[in-house]
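When reading the values below, keep in mind they use all heavy atoms of this one structure, side chains included, and skip hydrogens, waters and symmetry mates.
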Amino acid sequence: MKPAVAEEEGRGMQVVRAQQGLRELILAGELPPGRRVSEPAMVERLGVSRTPVRLALERLAQEGLVTPGASGGFVVRAFTAADLAAAIEVRGTLEGLAARLAAERRPGAADLAPLRDCVAALDGVVAKPVLSEDDFDTYVRLNAFFHEELTRLSGSGVVARAIEQAAAQPFASPSAFVQLHATEPVGRDTLVVAQEQHRLLLEAIGRGEGARAEALAAEHARVAQRRLRAALSDGDRLAGLPGGSLLRLAAGRP
C-alpha cells in the first residue's frame, strides 16, 4: 500500500473513531444540549488529532445531533417530542420505500433466506409467555438485523444511506424503545404486534407485492410512534435511556 493511501485510510479511521466517540458522549449526556463542543477538549478525550474531530462534528451536524454555533464551532442540539415523532415518521416512510423496491426486485429464495431465518428466530423469542431481559436483548439484536436486511434487499445505496441518517436521530432507531418496557407485560404485547408485521412484510416482499410491502413498513413504524407516546408519559425513565438528556418535553409533544 502506498504511503499516501495508508495515510488517508488512517485519517478516515480517526474520523470514524471521533464520530463514534462524540456520539456516545452526547447520547450519554456527558455533552448536554446547548453545550459548545470544545475541539481541544475532544482531541484530548478521544485521543485523535483536531482535524478528525472537526470532520466528525461536521458529520454529526449532518445527522442532526449538533448544530453550528453562533460564534463558530458546534453546539449539542436539544430535541422536542415533535422532532422525535417526525424522525420516526421519516424512517418509516423510507423503509416503506425500501420494502417496495425490495418487492419489485422479486428476490429469490436465497436472497430472502436471511430474512426468513431472522423472522423464525424472532418467533422463538416472542412465543415465550414471559420475556426476560436477555430475551429483550435478543429481540433488539434480531430486530436490527431484520431492518438491515430489509434495506439491503431494496438494492439502493441512496435509500440505505437515507435510512441510516434518519435512524441516527435519538429514539428513531427500530429498537429505540424496546428496553424501556422490558419488565412490563405491555412490552411483550408490543413485540408480538411488531413481529406479526415482520412476518407480513416478508410475505409481501416474497410475493412481489410492492404497494402492500410499502404500506406494511410504514404501519410498522407507527408501532414506534405508540412506544414514543408511552415513553413520554414516564419522563424519568425516558431520561435514563441513551439520548434521553437531549429531550425537551416542554417544547412539544406529538
[X] side, atom [atom1]; [Y] side, atom [atom2] - distance, nearest 0.5 Å:
X: L115; Y: I205; atom1: CG; atom2: CD1; answer: 6.0 Å
X: S173; Y: I163; atom1: OG; atom2: CD1; answer: 13.0 Å
X: E133; Y: T138; atom1: CD; atom2: OG1; answer: 12.0 Å
X: L201; Y: E214; atom1: CG; atom2: CD; answer: 11.0 Å
X: L101; Y: S156; atom1: CG; atom2: OG; answer: 6.0 Å
X: C118; Y: L202; atom1: SG; atom2: CG; answer: 9.5 Å

According to a hydrophobic-cluster definition based on side-chain heavy atoms being under 4.5 Å apart (Ile, Leu, Val, Met, Phe, Trp, Tyr only), do [X] and [Y] belong together?
X: L200; Y: L191; value: no
X: V66; Y: F171; value: yes
X: V90; Y: F79; value: no
X: Y139; Y: L150; value: no
X: L122; Y: L112; value: no

The side chain to side chain donor-acceptor pair (under 3.5 Å) partners of D123 (sequence neighbours excluded) come to Q195, R199

Considering all heavy atoms of both residues, which atom of [X] and which atom of [Y] are nearest to each other, and what is their separation?
X: A166; Y: L94; result: CB-CD1, 4.2 Å
X: E149; Y: P114; result: OE1-CB, 3.4 Å
X: A99; Y: A217; result: CB-CB, 4.0 Å
X: A78; Y: P33; result: CB-CB, 3.7 Å
X: A224; Y: I88; result: CB-CG2, 3.8 Å

Side-chain donor-acceptor distances from residues 102-111 under 3.5 Å, at least two apart:
| unit_1 | atom_1 | unit_2 | atom_2 | d |
| --- | --- | --- | --- | --- |
| E104 | OE2 | R100 | NH1 | 3.2 |
| R105 | NH1 | L153 | O | 2.5 |
| D111 | OD2 | G108 | N | 3.4 |

Close side-chain approach of [X] and [Y], heavy atoms under 4.5 Å:
X: M42; Y: L25; value: yes
X: T51; Y: V15; value: no
X: L22; Y: V37; value: yes
X: V223; Y: Q197; value: yes
X: V76; Y: L65; value: no
X: D189; Y: V193; value: no
X: D134; Y: D137; value: yes
X: I26; Y: L246; value: yes

Which pairs count as side-chain hydrogen bond (donor to acceptor under 3.5 Å, both in side chains) when at least one residue sits in residues 84-94, sequence neighbours excluded?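 side-chain hydrogen bond (donor to acceptor under 3.5 Å, both in side chains) check on residues 84-94 returns R91-E95.
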
Going by the side-chain hydrogen bond (donor to acceptor under 3.5 Å, both in side chains) test, which pairs reach into residues 27-37, not counting sequence neighbours? E30-R45

Salt-bridged, E164 to R161, with N to O below 4.0 Å? no

Go through the structure and list residues passing ring-ring contact (aromatic ring centres under 6.0 Å, His included) with F146, not counting sequence neighbours.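 In terms of ring-ring contact (aromatic ring centres under 6.0 Å, His included), with neighbours along the sequence ignored, F146 is linked to H198.
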
Do R141 and F145 form a cation-pi contact, if we require the NZ or CZ to be under 6.0 Å from the six-membered ring centre and within 45 degrees of the ring's axis? no

Show me the donor-acceptor pairs, under 3.5 Å and distance only, between side chains in residues 52-62 and residues at least two apart or in other chains.
| unit_1 | atom_1 | unit_2 | atom_2 | d |
| --- | --- | --- | --- | --- |
| R54 | NH2 | E39 | OE1 | 3.3 |
| R59 | NH1 | Q19 | OE1 | 3.3 |

Looking at N143 and V140, would you say the former's side chain and the latter's main chain have a donor-acceptor pair under 3.5 Å?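 Looks like no, no N/O pair under 3.5 Å.
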
